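On a predicted model such as this, the values are computed, not experimentally measured, just so you know.
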Amino acid sequence: MDVTRVVQRGRWREFRRTLLIAAGLLVLQQPLRWVVDAPWFVDRLDSVHEFNDVVPARMSLIVDVMLVVAYVFVAYRAFGLLRSSRAEAWPEWAGGDRSRIPPPLVVNKVGLALVLAGAGLDLWEDLRLWVLFGQVPHDLTLGFDEVFTTGDGGHGYTLVMWAVVAAGFGFQAVSFIGFPRASADGRPALAELAKLDKGGTVICCSGGGIRSAAFSLGGLQALTEHDIYPDARAVVGVSGGGYVGAAYHVLRWNPVDSPPRACEVGEKDWGSLNSAEPAFAPGSPEMQWLRRHTQYVLNGIRIAAQGALSLMFGIAVNLLLMAAVLGGTAWVLAWLMLASGRLTTWQGTAISGELADDWWFLGWVWLVPAAGVAVFLVEKATDRLTTIPWGARNFLRILTGYLLIGGLAMVALLVGVPALVAELAEYAATSDSMWAGLLHQLGFVPTEVCMDALASTDACGVSQAVAEATTPSDAVAGTSPATVPGVSIATVVASILAVLASAKSAASDKQEAETATRLSGLLSKVWTKIKDPVVPWAALVAVALIAITVLLRWVAVLVADPDLISKWEYAGWFAVLLLLTKLITDANRTSLHHFFRERISYAFLVRRNGNSVQPVPYKRALRFSEALPPAGRGPQLVACAVANVSDEEFVPSRRGCVPFVFDHRQIGLTDRLLPAGAARRVSATYEFAADARYRDATIPAAVAMSAAAFSPLAGRENVRLGPYRAVLALGNARLGVWLPNPLWVDELGLVRRLVRLRRWDEATWIAAGLPDGEYSRLSARTQEHLDGPVDRARVVKDEAVDPAERQAAETALHEMLAALPQPDPWMAVAGELVRAVFKKPGVSRLAKEAFGKASVYDRFLYVTDGGHYDNLGLIEALRRKPDRIFVLDASNDKEDTFRTLGRAIATARMDLDCEVEMDPRGMRRLSETRSGAAWCRGRYEFADRSGEGTIYLAKAILLNDLSWDIEAYSADNLDFPRTSTGNQLYSEFDFEAYRALGTTAVRKLLASDDYRA
């Protein structure tokens, strides 16, 4: 799979979705315009004059504003689609003469500019019409053009506006259809892996939260004692193991407040690991700091309040989005029901359920899903006679899906909602049952109607006898409908909290089954078995029922009181809130990631200051590209996460993810089915692509993502977390992060952005690493300004390059970049501000999290815990083909199963074609109460003989001859050393027990015959 096809397919998906949204808004707008514009339509309506005619006109204008935004995005998506194709050749109809026509990208830009100009004219027309419609007398019905003519615009303005928009799309169509596409990169389907150093020692610190952090800390201390850590080539961290790996790395680096030049390594900033007191030595100030912050997530009331506010902020944004969707749908539906006669207003009796035929298409929408079935049958019939080409077959199946899903939604809204509202209202107004009273309290029946009905029959949950004994107003009094939103929100929050409590076990390696055997009583065992499947589904059903109830209630209330439909201030407030949401937050800012990573950074990432330590300032961007250790100064840091995708072209059945790795040289996807040169980008390049201020792909951010076990998408755990997903997304139980897809990173565009911002160091570095084709595009206009070609290979730091030669090459490349067109600085800054708002993952990404539809073709990838792929980090260590691998395993496997190791061995065989021979049977307890060993030794070898080496694994297991402090702790804590990962609040004794166990396990491994052999 080559990168050009991946990006083009992703852009096609975006373009198609945006085009469908625009088409849907256009269809929605037509009934609103017909009521105002079409006399033949108005004459057939009996109920349309029950409220002011300005209502459908202004509603049409609101929809038109949304349509304007939609078709602008259609044009923008089309522009991006052409850019991704890199169209260069001039068409045959131009005779290949470039002087006769402008290049295709220029034609596309002209088209986009025309569409934007037409959108501006359209918005101006909408503003004028909004004001002028409000001036129309109540009993006068005028069309859009007539109203506008009463101002001073006229018919010609509308024609000019649409002519400009049509011309813009015409230019884009010509640029896309008339010009041939550039050829693809031609990379093979199985791309070669990026070149990595071979040999040496790699240390793996497994996942497991604070449990693994403590165990890995003890293991690293023991490896440091034997000079294995200082001489290692890399430390691979997953989840909690990454906390300690990063802590060691940052402490050795000891970064200053001011960052160095981009991608430079400051020798003076790196201390020696062979000093009298190496990093995190027992009794060191950093160890004392860490012991004071073992409850790093919620360390005190102030921190807990910040966490709670972060959680509630995300929930509030999610509920606002839900309210906007439900409110807008109810608003339009209520007007459609009234205007079409399918529901009528209250006139002393219940809402009429008569289905009038004024708007025939409302009742015939079932033809849309029927058309989907027809397309499916056509495909089957055609396939019997001939073989359908794959492209046509794929188109028919996509069309079938859209018609079925969209059609069923339309049937539910346009047929199901009015019928259900009418039936519920009729039942509530004619019954004395408890449910009728509840429906009245929910607002399906106005109190006045209940009072009138009680004069002759039972109604609204009250019998006529009771009403006669009191007064009708007292009989039907109860909870005010105004409290319903509060009750709904409380129910949603309660459902979310129930799921969070249940999902704690599902997000970790579950122990419930084993724990249940130790609990007394049948009820505890039964509850343990049914809790996980029942609680999430029950919560999901509760949330869905509340959403449906709110929608039906709002429709009923608006139908009962049509004047509410013309309360434009409600729409205005919703628009303002949604705009503010877009400006101040995004899908990452509403999640708990930023809170989580700040807590990790504060507790684990410290620097020395004399005889004390202090946390590295959080505002200091700890970039991987700046933190490459000098030769001989200790191992590199590697953080393992996963990108959640479900594409069958890349992901095996039920895996749900591909590995996503951060290190000092490259960041990105490591799956070998993806093009290595594009799936992994130079770290400095990707850091800027992720965020212009270098905040989203830093060391603490990567460590937090690597530990994001609590997320709606969870790789190989997706099957287990499926029923939790929607409620977890709504409840903001989200630690994952949406990062730019490396396959979409436009390095040439990044260089141009950096040049516009006058950030020459970063621009020079990225330009030096551009592929040849991209570099030729950059230098085509600037080479004439230089005396000769730039030897950009010498810009990249290399020990073999003379510093003077390197400086000369940097200067020449800098001069070339300075010759590029540069706008005013304020325009560049303004462009970055716009990008910060509109190029970040929007809150609509929550839908992908809730429904699990992330794809490798998307612009952004959802990055979560590396343990969702390989909790040991062993696969990434094997990619580096070292001589030795030390694995510090604090995974929460069930005793004697070693499931995590088994899955890693199978994954290595499947993904790397690497055979791992490792037998952990010697660590089993068998009939004993304790294991005889907490370590094992194995070997690996690649099928192509490109690498082989030895693997040593130290496991968190209880042995017979442990020190008494560990024995005493174990006696008081029966789940040790398999404390649930859901518990992240450790005391000093919890932390020390696991640290001491890690030290003991590694020391015994290094003293064993397995290691000395």
Practice problem: Using the side chain to side chain contact (heavy atoms under 4.5 Å, CB included) rule, take V174 and F171 through it: C-alpha gap first, then chi angles, then the decisive distance, then the call. | Solution: CA-CA 5 Å; V174 168; F171 271 93; 5.8 Å; no
Quiz item: Going by atom types only, do S566 and R58 share a side-chain donor-acceptor pair under 3.5 Å?
Solution: no
Self-check item: Which residues share a ring-ring contact (aromatic ring centres under 6.0 Å, His included) with W331, sequence neighbours left out
Solution: W568
Practice problem: Could you tell me whether a side-chain N or O of D64 sits under 3.5 Å from a main-chain N or O of L67, the two making a donor and an acceptor? | Solution: no
Quiz item: Do you know which two heavy atoms are closest between G842 and A587, and how far apart they sit?
Solution: O-CB, 3.3 Å
Quiz prompt | Selection residues 566-584 - residue pairs positive for salt bridge (Lys or Arg N to Asp or Glu O under 4.0 Å), sequence neighbours left out | solution = none
Quiz item: Side chains of D122 and V165: closer than 4.5 Å at any heavy-atom pair?
Solution: no
Quiz item: Can you name the side-chain contact (heavy atoms from CB on, under 4.5 Å) partners of L127, sequence neighbours left out?
Solution: W124
Quiz prompt | Salt-bridge present (R753, E832; N to O < 4.0 Å) | solution = yes
Quiz item: Under the side-chain contact (heavy atoms from CB on, under 4.5 Å) test, which residues partner V115, sequence neighbours left out?
Solution: Y71, A75, F169
Quiz prompt | All side-chain hydrogen bond (donor to acceptor under 3.5 Å, both in side chains) counterparts of R835, not counting sequence neighbours | solution = none
Quiz item: Is the side chain of D561 donor-acceptor paired with the backbone N or O of L558 at a distance under 3.5 Å, no angle test?
Solution: no
Quiz item: So, do L817 and L754 sit near enough that their side-chain heavy atoms are less than 4.5 Å apart?
Solution: no
Quiz item: How close do L413 and P418 get, heavy atom to heavy atom, and via which atoms?
Solution: O-CD, 3.5 Å
Practice problem: Using side-chain hydrogen bond (donor to acceptor under 3.5 Å, both in side chains) as the criterion, list what pairs up with R11, not counting sequence neighbours. | Solution: none
Quiz item: Who are the side-chain contact (heavy atoms from CB on, under 4.5 Å) partners of F73, not counting sequence neighbours?
Solution: T18, V69, R77
Quiz item: side-chain contact (heavy atoms from CB on, under 4.5 Å) with D586: which residues, sequence neighbours excluded?
Solution: N588, R589, K840
Practice problem: May I ask you to test the V415-W366 pair for a side-chain heavy-atom distance under 4.5 Å? | Solution: no
Practice problem: Please name all residues satisfying side-chain hydrogen bond (donor to acceptor under 3.5 Å, both in side chains) with E849, sequence neighbours left out, ordered by chain then number. | Solution: R734, W738, Y862
Quiz prompt | 4.5 Å side-chain heavy-atom contact, L833 and V837 | solution = no
Quiz item: Run the ring pair (Phe, Tyr, Trp, His ring centres under 6.0 Å) check on F15 and W12 step by step: do they pass?
Solution: CA-CA 5 Å; F15 177 78; W12 264 117; 5.8 Å; yes
Quiz item: Do any N or O atoms from the side chain of N741 and from the backbone of Y857 form a donor-acceptor pair under 3.5 angstrom?
Solution: no
Exercise. Would you check, one step at a time, whether the test side chain to side chain contact (heavy atoms under 4.5 Å, CB included) holds for S60 with Q30?
Key: CA-CA 8 Å; S60 176; Q30 291 313 305; over 6 Å; no
Exercise. Could you tell me whether the side chain of N318 and the main chain of L730 form a donor-acceptor pair under 3.5 Å?
Key: yes
Self-check item: By ring-ring contact (aromatic ring centres under 6.0 Å, His included) - contacts of F79 (at least two apart)
Solution: none
Quiz item: Does W744 use its side chain to pair, donor to acceptor, with the backbone of D858 at less than 3.5 Å?
Solution: yes
Quiz item: So do the side chains of L61 and V65 get within less than 4.5 Å of each other, counting heavy atoms only?
Solution: no
Quiz item: Would you say the side chain of V829 lies within less than 4.5 Å of the side chain of W826, judging by non-hydrogen atoms?
Solution: no
Practice problem: Decide yes or no for W335 and M59: does some side-chain heavy atom of the first lie under 4.5 Å from some side-chain heavy atom of the second? | Solution: yes
Listed pairs under 3.5 Å, donor-acceptor, residues 398-408 side chains, sequence neighbours left out:
| residue | atom | partner | partner atom | Å |
| --- | --- | --- | --- | --- |
| T400 | OG1 | L396 | O | 2.8 |
| Y402 | OH | R16 | NE | 3.3 |

Exercise. Please name the pair of heavy atoms, one in T585 and one in F313, separated by the smallest distance, quoted to 0.1 Å.
Key: OG1-CE2, 3.7 Å
Quiz prompt | W162: ring-ring contact (aromatic ring centres under 6.0 Å, His included) partners, not counting sequence neighbours | solution = none
Quiz item: Which atoms form the tightest heavy-atom contact between L846 and A729, and what is the distance?
Solution: O-CB, 4.2 Å
